[in-house]
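Each chain gets a letter, A, B and so on, in the order its sequence line appears, and its residues count up from 1. Being a predicted model, the structure only gives us computed values, none of them experimental. Computed from heavy atoms alone, side chains included, the values below leave out hydrogens, waters and symmetry copies.
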Amino acid sequence: MIKQILHDHIIEVLNKLGYVHERDFTVEVPNNPEFGDYSSNAAMVLGKANKLAPKAMAEAMIKELKKNKSYKKLEIAGPGFINFHLAPVMYQKALWDIHQLGLEYGKSEHGKLEKILLEFVSANPTGPLNIVSARAAAFGDTLYRIMKFVGYEPTREFYVNDAGNQVDILAESLELRLRELQGEKIGDFPYEAYHGEYVRHLAQKLNAQEGIRVFMMTEKDRMEHLKEFALSELLEMQRSSLEKFGVVFEGWVSEKTLRAEGVVEEVLSYLTEADCTYEKEDAIWFRSTNYGDDKDRVLMKSDGSITYFVPDLAYHLTKIQRGYTQLIDIFGPDHHGYVPRLKAAFKALKYDDNMLEIIFLQQVNLFEEGEKVKMSKRAGKIVTMDDLVSLVGKDSARFFFIARKANAHLNFDLELALSRNNDNPVYYCQYAHARICSIIKKAKKDRLMPRSYKEDMTAKLVKPEELAIIQKLADLPDLLISIADLREPHRLANYLEELASHLHKYYAKYQIAGDKSKETTHARLLLIDAVRQVFLICFGLMGLSAPEKM
RNA sequence: GCGCCAGUAGCUCAGUUGGAUAGAGCAGCAGCCUUCUAAGCUGCGGGUCAUGGGUUCGAGUCCCGUCUGGCGUGCCA
């Protein structure tokens, strides 16, 4: 917000002085306060193009910039930085603007309503969601909320792999558990089958509902029946896990439905028309190596069935047909080998493969008492998303997942997530919010509140800590835009911690409500109320609750 | 072997897209509650940014090599 004002002002001055400015320059908050409130590298970046030494250019610019009274001091520093020391008025005005915008503050039209498809989680419907899915859910959902807030038109979609091999194995696993319940000896449970407890539960449910009748069907009908039963149960389980986590999807796209609509044949024919398929060893291959993949990929196996890739590609093409101009897939760590073939297909079919953007989330390790929690999917020993959420709570889980950048491994410390002190960043941030609410409540009780806030009240805010808080608040709009464009929601978590830290420090140093001066009290209440607003906005974007007392 | 990701304080991690003297929190030590929530605050110490080169006014950030760790490299999904 303030950055934008300075940026605009610099451009105005550049134009006035007749300087070219093709290259973009930055306006930043320098890490050393001696270098001012804000600092710009404009003269350094643009010096060459204007055939001027950076310092000489900066000098000319400062002369012109000084005509604006918003600055307390302007100076050249280092190799040609322009350092801005702002007059408090500028902060005071910014605070008033923030206050007036309320919960709309930070919203923008930056995204120009571009249609963006966010596909995430998309777990196999063959079991409960695991913690990587939880990370994907928290990440994707937060990115969605932020993109929407800054003016994109995003959609959340979950692709359901309800056809193919894994689902067959699921049905077979269920049948074995059913037979077990009927008293049959089934011997060793097959290695590749699903070993999880949930399959037993499904069997018990189905057995209670239908008992022996299941086995009176033909083999083929029974398998279909088991598939349908298991899928609807497990999908419902996944949907409800996600909902408990605060994540809902606009679309659940079924692979089975896509196949029924004939898209598989369509895609195969497109690829064939593009002359990039061939037959070898009774299988049909995609010549993806022509488009940058490591090896060619099978489209149709020698048994006549189709590989996962074909309907998935078809699904991606429907996204384009539905008018999305950017397709973002959020994948787990074990799928990066899959990307080149998708991109290859886009190129083969003459689509711009830059439309397809893949974000990889790295793995999640749970730590308990300093030890890594060992999990084995094969043995059915996994910590599920539900386990985690019921253990540490939605807020903690979401915050921890969002707080790390996507392509870094995430070590999830269970004790830390459960702790209720300043070790735990979630509580640290929520406590700051609750503290504000509590102060305001007390101020109301003590009749210290102004009848209404007025702009001139902000004139009392001159302490460095107060201006620093406003500066932090003023960062939000630009921050949200860069989070959306860089797909880096973890920055919002960092921001919240910094804001909370500012607030706690301020609280410890100054009496907010009840200063000797009534004007100062009013000003400070206005300030912390704006902080409260920003907390509410950010908690909302991260899907966290905003407790008013703790 | 090849490919992708990562390597920053004892630990967990930031680092504003190449800017000035690399920052937080935890852990350690020393302090602060008759006053708006101590789930908080203040102070101290802590670094060869894995490593070797390169690019330029300037590199934790970009390029190349090496080392270490994770993952991938199915006619699985």
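Side chain Glu281(A) to base C75(B): a donor-acceptor pair is found below 3.5 Å. For Ser501(A) against A24(B), no side-chain N or O and base N or O form a donor-acceptor pair under 3.5 Å. The base of C71(B) lies close enough to the side chain of His336(A) for a donor and an acceptor atom to sit less than 3.5 Å apart.
Among the protein residues, Glu548(A) comes within range of the nucleic acid bases, having at least one heavy atom under 4.0 Å from a base atom. If you check every strand for non-hydrogen atoms under 4.0 Å, Phe35(A) touches a base. Contacts of Gln511(A) with the nucleic acid, taken as non-hydrogen atoms under 4.0 Å apart, include base atoms. Residue contacts shown for Leu486(A) include a base, since a base heavy atom lies under 4.0 Å away. Residue contacts for Met300(A): at a heavy-atom cut-off of 4.0 Å it reaches no nucleic acid atom on any strand shown. Using a 4.0 Å heavy-atom criterion, one finds that Asn32(A) contacts the bases of the nucleic acid, with or without backbone contacts as well. In this structure, Asp162(A) reaches neither bases nor backbone, as no heavy-atom distance under 4.0 Å exists between it and the strands shown. Counting non-hydrogen atoms under 4.0 angstrom, Asn31(A) reaches the backbone sugars and phosphates but no base. If you check every strand for non-hydrogen atoms under 4.0 Å, Ala77(A) touches a base. Within the nucleic acid shown, Lys3(A) comes within 4.0 Å of at least one base atom, counting heavy atoms only. Contact annotation for Ser39(A): base contact, defined as any heavy-atom pair under 4.0 Å involving a base atom. Across all strands shown, Asn41(A) has heavy atoms under 4.0 Å from base atoms, whether or not it also approaches the sugar-phosphate. Using a 4.0 Å heavy-atom cutoff across all strands shown, Lys441(A) reaches no nucleic acid atom at all. Ala443(A) comes within contact range of no nucleotide atom at all, as no heavy-atom separation falls under 4.0 Å.
For the pair Lys319(A) and Tyr315(A), the cation-pi criterion (under 6.0 Å, within 45° of the ring axis) is fulfilled.
A distance cut-off of 5.5 Å between ring centres, combined with a plane angle under 30°, places Phe81(A) in a stacking arrangement with the base of A20(B).
Atom OG of Ser108(A) is separated from atom CD1 of Ile481(A) by 4.0 Å, given to the nearest 0.5 angstrom.
Using bins of under 30°, 30° to 60° and over 60° for the plane-to-plane angle, the ring pair Phe286(A)/Phe309(A) lands in the parallel bin. Aromatic ring orientation, Phe412(A) versus Phe401(A): tilted (interplanar angle from 30° to 60°). Aromatic ring pairs are classed by plane angle as parallel below 30°, tilted from 30° to 60° and perpendicular above 60°; the pair Phe331(A) and Phe360(A) is perpendicular. Below 30°, between 30° and 60°, or above 60°: for Phe249(A) and Trp252(A) the angle between ring planes is above 60°, a perpendicular geometry.
Distances shown here put every side-chain N or O of Lys509(A) at or beyond 4.0 Å from the OP1 or OP2 atom of C36(B). Taking side-chain N and O atoms only, Tyr428(A) has a distance below 4.0 Å to OP1 or OP2 of C41(B). For Lys444(A), no side-chain nitrogen or oxygen approaches OP1 or OP2 of C36(B) to under 4.0 Å. Remark: Lys405(A) is in phosphate contact with G15(B), judged by side-chain N or O atoms under 4.0 Å from OP1 or OP2. Look at Arg435(A) and you'll find a side-chain N or O under 4.0 angstrom from OP1 or OP2 of A38(B). A sub-4.0 Å separation between OP1 or OP2 of G15(B) and a side-chain N or O of His490(A) is present.
Among residues at least two apart or in separate chains, there is no salt bridge (Lys or Arg N to Asp or Glu O under 4.0 Å) pair with a member in residues 51-60 of chain A.
In this structure, the side chain of Asn50(A) does not engage the main chain of Leu52(A) through any donor-acceptor pair within 3.5 Å.
In this entry the distance linking CE of Met57(A) with C1' of C57(B) reads 16 Å, nearest Å. One can place CG of Asp413(A) at 10 Å from P of C13(B), the figure rounded to the nearest angstrom. Remark: C1' of C71(B) and CD of Gln363(A) are 7 Å apart, rounded to the nearest angstrom. Following rounding to the nearest Å, His335(A) (NE2) and U73(B) (C1') show an atom-to-atom distance of 14 Å. Rounded to whole Å, atom C1' of C36(B) lies 12 Å from atom OH of Tyr506(A). Distance, Ile439(A) CD1 to C41(B) P: 13 Å, rounded to whole Å.
The nucleotide whose nearest atom lies closest to any side-chain atom of Thr307(A) is, among U17(B), A20(B), C75(B), C75(B). Of the candidates C5(B), A14(B), A77(B), the closest approach to any side-chain atom of Tyr338(A) belongs to A77(B). Checked against C57(B), U12(B), A38(B), the side chain of Arg404(A) finds its nearest nucleotide in U12(B).
Searching all strands for a Watson-Crick or G-U wobble partner of U73(B) with both distances below 3.5 Å returns G1(B). Searching all strands for a Watson-Crick or G-U wobble partner of A50(B) with both distances below 3.5 Å returns U66(B). Across the strands present, G25(B) finds its partner in C11(B); the criterion is a Watson-Crick or G-U wobble pair with both atom distances under 3.5 angstrom.
The glycosidic torsion of U61(B) lies more than 90° away from 0, placing the base in the anti range. Glycosidic conformation of C62(B): anti, with the torsion beyond 90° of 0.
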